[in-house]
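Please read the structure below before turning to the comments.
As the structure is a prediction and not an experimental result, all values here were calculated from the model. Along the sequence shown, residues carry numbers from 1.
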Amino acid sequence: MGTVRAAGIIVVFMALTVLCIPFQWLAVRFNLPWRRRFPHWYHRQVCKLIGARITVLGEPVQDKGVLMAANHTGWLDIPVLSAVACVSFIAKGEITTWPFFGLLARLQRTVFIHRGERAKAAEDRDQIRDRLVHGDALVIFPEGTSNDGNRVLTFKSALLSAAELPLSDDAAPRHAPVQPVSVAYVGLHGMPMGRENRPFFAWYGDMELVPHLWEAFELGPIDVVVEFHKPLTIDEAGGRKELSAIAETAVRTGLARALSGAHLAQPPHRDEELEEALAAEETEEAA
């Protein structure tokens with residue numbers, strides 16, 4: 001039965017994607033208004049197709065440029081995050097060379113950064129700044145890699161350097177807010193997903209992508225919790241390293257809350273953990 005399910009998903013996914021590619025290509029090529037919204041609609045259909053039932057906590061920033069700092073479990077994070085908000089991604093440049101998926105990333109208006117290529121660093125920085133100035137929501141994965149979905153790796157503050165970019169030429173320049181985002185895979189077939197099952201949906205290490213996709217599609221519908229935490233700027237945090245630590249704390253707390261099922265009892269309206277971290281930073285500064 002799982003094989004039939006996986007085959008059906010792939011056939012419909014390919015048909016849907018082939019039909020949608022020309023529309024988004026035209027939108028990106030001619031800068032049409034729906035270039036931001038169409039990937040959101042498309043990924044909502046993809047999530048429905050693969051059986052990803054998403055619970056959203058908090059509110060994504062959508063009315064101005066924002067950096068969304070999320071934990072990274074694997075390929076499934078892309079459709080899930082794009083299904084709940086109009087976003088683009090910041091990704092490593094080598095993805096442009098990937099067959100098929102590289103094309104989808106370009107049509108998502110992904111910002112590709114060239115790690116280790118100093119000559120292109122300024123160009124990458126200017127591209128990110130321009131997108132933020134024009135109000136785009138850009139998702140970045142500050143862990144720098146993916147993992148098994150049971151934990152959050154240490155955030156690399158250098159990957160949040162875009163938060164330092166001035167978005168205005170004023171004496172006191174404006175900076176883009178950073179919104180921490182937790183993504184947790186919590187259920188399988190409507191039942192709690194154990195630690196042993198989560199890696200089936202996490203793509204990390206040396207896993208081959210296509211066999212992993214097939215295996216995930218075979219297993220069945222899943223439940224996902226996405227929590228948008230309180231946004232803050234680098235000025236509010238006190239620096240890039242402090243911002244990275246606060247964002248990591250918020251994401252780690254959100255993941256733990258979702259995996260334990262605590263979000264079901266009392267969905268958080270205030271991000272108390274993030275507020276406490278900010279208060280601690282202010283106390284240290286005052287001392």
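- Put simply, F100 and W214 are part of the same group of oily side chains (I, L, V, M, F, W, Y) that touch within less than 4.5 Å, one to the next.
- The local environment of CZ in F112 is crowded, with over 12 non-hydrogen atoms from other residues, nucleotides or ligands closer than 6.0 Å.
- For the pair D124 (side chain) and I113 (backbone), a donor-acceptor distance under 3.5 Å is absent.
- Remark: side-chain polar atoms of H189 are paired, donor with acceptor, to backbone N or O of L219 under 3.5 angstrom.
- Rounding to the nearest 0.5 angstrom, the gap separating the NE2 atom in H134 from the CZ atom in R129 is 10.0 Å.
- A 4.5 Å side-chain heavy-atom check between H43 and Q108 finds at least one atom pair inside the cut-off.
- No side-chain heavy atom of I140 sits less than 4.5 Å from a side-chain heavy atom of V111.
- Rounding to the nearest 0.5 angstrom, the gap separating the CG atom in L107 from the CZ atom in R109 is 11.0 Å.
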Check step by step if side chain to side chain contact (heavy atoms under 4.5 Å, CB included) holds for V251 and S182. CA-CA 5 Å; V251 172; S182 304; 4.0 Å; yes

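- Applying the side-chain contact (heavy atoms from CB on, under 4.5 Å) test between I54 and each of V226, D223, V225, L81 identifies V226 as the sole match.
- Expressed to the nearest 0.5 Å, how far CD1 of I90 lies from CG of L138 amounts to 5.0 Å.
- Of all the heavy atoms in P180 and A250, the pair that sits closest is CB-CB, 3.9 Å.
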Stepwise side chain to side chain contact (heavy atoms under 4.5 Å, CB included) test for T73 and S146: CA-CA 5 Å; T73 301; S146 55; 5.9 Å; no

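- With salt bridges taken as basic N to acidic carboxylate O contacts below 4.0 Å, one links D136 and R36.
- L188 and L49 end up in the same hydrophobic cluster when Ile, Leu, Val, Met, Phe, Trp and Tyr side chains are linked at under 4.5 Å.
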Evaluate R198 against L259 for side chain to side chain contact (heavy atoms under 4.5 Å, CB included), listing each step before the verdict. CA-CA 10 Å; R198 206 160 286 118; L259 295 185; 3.6 Å; yes

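- In this structure, E248 and P142 have side chains that are not in contact, with every pair of non-hydrogen atoms separated by 4.5 Å or more.
- No chain of hydrophobic side-chain contacts below 4.5 Å, direct or via other Ile, Leu, Val, Met, Phe, Trp or Tyr residues, connects V28 to I95.
- Taking each heavy atom of H175 and L165 in turn, the nearest pair found is CD2-O, 3.4 Å.
- Hydrophobic clustering of Ile, Leu, Val, Met, Phe, Trp and Tyr side chains at less than 4.5 Å, counting indirect connections, unites L103 with F101.
- There is a path of hydrophobic side-chain contacts, each under 4.5 Å, that joins I10 to V46.
- Under a cut-off of 6.0 angstrom, the local environment of CD in Q62 is crowded, with over 12 non-hydrogen atoms contributed by other residues, nucleotides or ligands.
- Distance check, rounded to the nearest 0.5 Å: CG of L16 to NZ of K48 gives 11.5 Å.
- Minimum heavy-atom separation, L19 to P22: O-CD, 3.4 Å.
- Side-chain N/O atoms of Y185 and N150 include no donor and acceptor closer than 3.5 Å.
- When atom types are taken as modelled, the side chain of T110 and the backbone of R106 share no donor-acceptor pair closer than 3.5 angstrom.
- Side-chain contact between L153 and T145 is present, with heavy atoms from C-beta onward closer than 4.5 Å.
- In the displayed structure, R53 atom CZ is contacted under 6.0 Å by more than 12 heavy atoms of other residues, nucleotides or ligands.
- Shown here for S168 and P173, the closest heavy-atom pair between the two residues is OG-CA, 3.5 Å.
- Using a distance-only test at 3.5 Å, with no hydrogens or angles considered, no donor-acceptor pair links the side chain of T17 to the main chain of M14.
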Evaluate salt bridge (Lys or Arg N to Asp or Glu O under 4.0 Å) for K156 paired with E143, printing each intermediate quantity in order. CA-CA 6 Å; K156 298 178 180 179; E143 294 165 295; over 6 Å; no

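- No hydrogens or angles considered: nothing links the side chains of Y42 and S82 as a donor-acceptor pair under 3.5 Å.
- Looking at heavy atoms from C-beta onward, V66 lies out of side-chain contact with V178 at the 4.5 angstrom threshold.
- Ring orientation note: the planes of W25 and F30 are nearly perpendicular, at an angle over 60° on the 30°/60° scale.
- At a cut-off of 3.5 Å, with distance as the only test, a side-chain donor of S88 or R131 sits close to an acceptor on the other residue.
- In this structure, V87 and M68 approach most closely via the heavy-atom pair CG1-SD, 3.9 Å.
- By the 30° and 60° cut-offs, the orientation of the rings of F141 relative to F89 is parallel.
- Taking the six-membered ring for Trp and the full ring otherwise, the centers of W41 and F38 sit less than 6.0 Å from each other.
- Ion pair E218/R5 not flagged as a salt bridge, since none of the NZ, NE, NH1 or NH2 atoms sits closer than 4.0 Å to an Asp/Glu carboxylate oxygen.
- Nearest heavy-atom pair across E164 and R240 is OE1-NH1, 3.5 Å.
- Side-chain atoms of P177 and K64, non-hydrogen and from C-beta on, do get closer than 4.5 Å to each other.
- Sparse packing is recorded around CZ of R44, with 12 or fewer heavy atoms of other residues, nucleotides or ligands lying under 6.0 Å away.
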Let me see the working for H72 and N147 under side chain to side chain contact (heavy atoms under 4.5 Å, CB included), right down to the final yes or no. CA-CA 7 Å; H72 194 22; N147 65 77; 5.8 Å; no

